[in-house]
*Asks:* 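Take this structure, written in structure tokens, and hold onto it; I'll ask about it next.
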Amino acid sequence: LEQENKVGLFLSHLQELAELQRTISETSVVLSMDNNRYLDLDSIIAEVKAQYEDIAKKSRAEAEALYQSQYEELQSTAGRHSDDLRNAKHEISELNRHVQRLKAEIEGVKKQVGYRILPKL
């Protein structure tokens, strides 16, 4: 009984296969092709050139923006260093004046001490 079922199933598949083959053979396919093989090289070259120029323009703009940013940063840094240098020079000048005052005070004290010691001698 099982073998008969297998044979029946096999025959059923064979019938389906034959029907599919008939359907396929009755089906027609229409294929159209564009045989225009003319390539407009001038327009292709112009398009590639335009794309290249656009990329170059964008790259140039990005590079200029980067350089401008770096230049401004360097100017700012130079300004800060200039301010720091000016402040350091001012501080040195103040310290030199202070040293001169201290030297003058020391000389004044030496003279006072010297005058006090000399009259006693």
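For reference, positions follow the sequence shown, starting with 1. Computed from a predicted model, the values in this text were never measured in an experiment. Computation of the quantities below employed the complete heavy-atom set of this structure, encompassing side-chain atoms and omitting hydrogens, waters and symmetry-equivalent molecules.
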*Asks:* A side-chain contact here means heavy atoms from C-beta on lying under 4.5 Å apart; do Q70 and Y67 qualify?
*Replies:*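 Heavy-atom side-chain distance check passes, below 4.5 Å.
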*Asks:* Examine distances only and state if a side-chain atom of S82 and a backbone atom of A78 form a donor-acceptor pair shorter than 3.5 Å.
*Replies:*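 Checking the backbone N and O of A78 against the side chain of S82, no donor-acceptor pair under 3.5 Å is found.
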*Asks:* Which pairs count as salt bridge (Lys or Arg N to Asp or Glu O under 4.0 Å) when at least one residue sits in residues 57-74, sequence neighbours excluded?
*Replies:*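 Of all non-adjacent pairs touching residues 57-74, those that pass salt bridge (Lys or Arg N to Asp or Glu O under 4.0 Å) are D54-K58.
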*Asks:* Who are the side chain to side chain donor-acceptor pair (under 3.5 Å) partners of S76, not counting sequence neighbours?
*Replies:*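 Here the qualifying residues are R80.
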*Asks:* From I92 CD1 over to N87 CG, what is the distance, rounded to the nearest 0.5 angstrom?
*Replies:*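 Here the interatomic distance stands at 11.0 Å.
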*Asks:* In Å and rounded to the nearest 0.5 Å, what is the NZ to CG distance from K49 to D42?
*Replies:*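 CG of D42 is found 11.5 Å from NZ of K49.
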*Asks:* Between CD1 of I45 and CD of E47, what distance do you get to the nearest 0.5 Å?
*Replies:*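 One gets 12.0 Å once the value is rounded to the nearest 0.5 Å.
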*Asks:* Ignoring hydrogens and geometry beyond distance, is a side-chain donor-acceptor pair present between E19 and Q15 at under 3.5 Å?
*Replies:*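 No donor-acceptor contact under 3.5 Å links the two side chains.
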*Asks:* For E91, give me all partners under side chain to side chain donor-acceptor pair (under 3.5 Å), at least two apart in sequence or on another chain.
*Replies:*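 For E91 there are no side chain to side chain donor-acceptor pair (under 3.5 Å) partners, ignoring immediate neighbours.
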*Asks:* Taking atom CG of L74 and atom NE2 of H81, what is their separation to the nearest 0.5 Å?
*Replies:*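 Answer for the CG-NE2 pair, L74 versus H81, is 9.5 Å.
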